[in-house]
Each structure stands twice: as structure tokens, then as C-alpha cells.
Participant: 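Below is one structure. I have some questions about it.
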Amino acid sequence: MKNLLWTLTIIIILSVLVWYLLPVFLAKSITSDKSLGIIPEEIKEEVSGLPEKLEAADLTEKEMIDLVDQVSNREMLNIYEELKATALTDVDQVAHIILKDLQLTDDKKLSLVTLLKQNITLEEIKATMKELSKNEEMLQFYFPVIKETIKRVLEQKGNEAEVIKSE
């Protein structure tokens, strides 16, 4: 009985580390000026211009966080499966697959398509799909961490933008 309690305690602690602390750590690593060596500089550079990219697409950090919250892990897996089963030909096609079931106005969908087309190529999407396919059995665990990390990056970038605007 004592071993079972000890095992459950360890599982709970590890769950907290993975589901809560890992996204916090990743988001801080991505948005920090200091390099911890785990996030490639290209990603940090892309994220540094995020507020401007969202503003150019007439989107806010809050709208993007709401969008991320709107998509369940099951829906993320379904989107992944549909993208994997489709012969991808362009970013518009990928955007349509991702956005088709989201509760957004047509204007916001158009803004997101524009944002995607301006910031990602089909080759990058295919490379990401290839990487995800290497560990498909882990996707159900990756997506919640990815969602929380994205939300925290958006929050931090939104806060930074507010500080800059108020100065």
C-alpha cells in the first residue's frame, strides 16, 4: 500500500511538471532574451515579431488565445489526421482544413489565412507533419503542452506589447 501511494505521488508530481511547468518553461525560453539553448534562434526571432504580425492581420493576442482554447485536443488530432491523409498542395488548403470547424467570422478566418500565408510555407508545414508523424503515439500528450505553450507565449508577447505602448 505504501508503494502504491508513493507511485501515485510521483505520477502526480510528474503530471504537474509536464502539463503545467513545461509550457511555462518553454514559453519563457521562447520569449526570453536569454538563450537557454533549447529553443532554436529562428523560432525566437519569429516569435519576437508576433505582435506586429498579429496587428498587421487585424488580430489580437486575446483573439488568438481564445482560438487556441476553442480547439480541443481531439479536434487537434482530427486536424492532424486530415492533414496527414491529404495530398497538401498549398497553404490555403491547409488553412481551410484547420479553420473549417472553428466558430469564427469570415473576416477573422480571412485574417488567419492571410497570417498563415505570410508566415509559413507549404514546405515548413510538410516538415512539421513529418516530425509529428515520427511520434504519433505521443501526439495526444504533445497537443495539450503545445496549446498551453502557445497560450503562454501569446500572453507574454501581449503583455510586452502593452508595456511598449504605454511607454
Side-chain angles (χ1 to χ4, degrees), residues 18-32 38-162:
V18 170
W19 299 111
Y20 177 73
L21 295 179
L22 184 60
V24 170
F25 176 73
L26 289 173
K28 284 186 181 185
S29 298
I30 291 169
T31 59
S32 172
I38 62 167
I39 305 297
E41 285 303 313
E42 310 87 64
I43 292 175
K44 292 178 75 136
E45 289 171 15
E46 284 292 320
V47 170
S48 70
L50 188 59
E52 294 82 12
K53 291 175 183 178
L54 291 176
E55 188 174 326
D58 195 29
L59 296 164
T60 66
E61 287 85 0
K62 172 76 171 105
E63 289 172 320
M64 292 301 293
I65 290 169
D66 292 344
L67 178 64
V68 170
D69 277 337
Q70 182 181 334
V71 181
S72 72
N73 295 328
R74 169 65 22 218
E75 289 169 320
M76 288 179 77
L77 285 168
N78 291 343
I79 290 168
Y80 167 77
E81 290 297 330
E82 186 171 350
L83 289 171
K84 187 175 89 170
T86 304
L88 301 175
T89 57
D90 60 31
V91 177
D92 279 317
Q93 178 191 27
V94 172
H96 175 73
I97 291 169
I98 293 170
L99 299 175
K100 71 180 179 181
D101 294 326
L102 297 179
Q103 304 299 316
L104 296 170
T105 65
D106 288 341
D107 289 345
K108 290 301 174 189
K109 283 186 179 183
L110 182 59
S111 294
L112 284 166
V113 170
T114 302
L115 182 67
L116 281 172
K117 288 171 68 174
Q118 291 174 347
N119 293 289
I120 195 162
T121 66
L122 184 61
E123 290 73 29
E124 291 169 325
I125 293 167
K126 287 181 176 181
T128 300
M129 293 296 296
K130 184 177 179 181
E131 286 301 312
L132 288 173
S133 71
K134 290 179 182 178
N135 294 301
E136 284 185 336
E137 64 280 352
M138 295 298 292
L139 290 180
Q140 64 184 341
F141 301 110
Y142 291 163
F143 285 145
V145 173
I146 291 169
K147 279 179 62 171
E148 282 304 311
T149 303
I150 290 169
K151 286 169 45 179
R152 291 183 184 279
V153 166
L154 287 164
E155 288 169 358
Q156 289 178 15
K157 283 302 182 183
N159 292 341
E160 289 174 17
E162 288 301 317

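Just so you know, these numbers use all the heavy atoms, side chains as well, and skip hydrogens, waters and symmetry mates.
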Participant: Taking Glu155 for the side chain and Arg152 for the main chain, is one N or O donor matched with an acceptor at less than 3.5 Å?
Facilitator: no

Participant: Please identify each residue that fulfils salt bridge (Lys or Arg N to Asp or Glu O under 4.0 Å) with Glu131, with sequence neighbours left out.
Facilitator: Lys134

Participant: Can you confirm whether more than 12 heavy atoms, excluding those of Asp106, are under 6.0 Å from its CG atom?
Facilitator: no

Participant: Is there a side-chain contact between Thr128 and Ile120 in this structure, where contact means two heavy atoms from C-beta onward sitting under 4.5 Å apart?
Facilitator: no

Participant: Apply the test side chain to side chain contact (heavy atoms under 4.5 Å, CB included) to residues Leu83 and Leu88: give CA-CA distance (whole Å), side-chain angles for both, the deciding distance (0.1 Å), then the verdict.
Facilitator: CA-CA 7 Å; Leu83 289 171; Leu88 301 175; 4.0 Å; yes

Participant: Looking at CG of Leu132 and NZ of Lys130, how far apart are the two atoms once the value is rounded to the nearest 0.5 Å?
Facilitator: 12.5 Å

Participant: Give a yes or no answer on whether the side chain of Glu82 reaches the backbone of Ile79 with a donor-acceptor pair at less than 3.5 Å.
Facilitator: no

Participant: Check this for me: Lys53, atom NZ, are more than 12 non-hydrogen atoms of other residues, nucleotides or ligands nearer than 6.0 Å?
Facilitator: yes

Participant: Treating Lys108 as the side-chain partner and Asp58 as the backbone partner, does any N or O pair qualify as donor plus acceptor under 3.5 Å?
Facilitator: yes

Participant: Distance from Leu99 atom CG to Leu110 atom CG, nearest 0.5 Å?
Facilitator: 10.5 Å

Participant: Going by heavy atoms in the side chains, are Leu112 and Met64 under 4.5 Å from each other?
Facilitator: yes

Participant: With no hydrogens and no angle check, is any side-chain donor or acceptor of Ser111 less than 3.5 Å from a backbone partner on Ala57?
Facilitator: yes

Participant: Considering all heavy atoms of both residues, which atom of Lys147 and which atom of Asp69 are nearest to each other, and what is their separation?
Facilitator: NZ-O, 4.2 Å

Participant: Distance check, rounded to the nearest 0.5 Å: Met76 atom CE versus Glu81 atom CD?
Facilitator: 13.0 Å

Participant: In Å, rounded to the nearest 0.5 Å, how long is the span from CG of Leu122 to CE of Met129?
Facilitator: 11.0 Å

Participant: Is the number of heavy atoms from other residues, nucleotides or ligands within 6.0 Å of NZ (Lys117) greater than 12?
Facilitator: no

Participant: Among residues at least two apart in sequence or on other chains, which ones pass salt bridge (Lys or Arg N to Asp or Glu O under 4.0 Å) with Asp90?
Facilitator: none

Participant: Apply side-chain hydrogen bond (donor to acceptor under 3.5 Å, both in side chains) to Gln70 and list each qualifying residue two or more places apart in sequence or on a separate chain.
Facilitator: none

Participant: Should Asp66 and Lys62 count as side-chain neighbours, where that means a heavy-atom distance under 4.5 Å?
Facilitator: yes

Participant: Just how far is it from atom CD1 of Ile98 to atom NZ of Lys100, taken to the nearest 0.5 Å?
Facilitator: 11.0 Å

Participant: Going through the checks in order, is the side chain to side chain contact (heavy atoms under 4.5 Å, CB included) test met by Val94 and Leu116?
Facilitator: CA-CA 9 Å; Val94 172; Leu116 281 172; 5.8 Å; no

Participant: Between Glu148 and Lys151, does any NZ, NE, NH1 or NH2 come within less than 4.0 Å of an OD or OE carboxylate oxygen?
Facilitator: yes

Participant: Does any N or O in the side chain of Gln118 come within less than 3.5 Å of the main-chain N or O of Leu115, such that one atom is a donor and the other an acceptor?
Facilitator: no

Participant: Apply side chain to side chain contact (heavy atoms under 4.5 Å, CB included) to Thr60 and Leu54, showing your working.
Facilitator: CA-CA 6 Å; Thr60 66; Leu54 291 176; over 6 Å; no

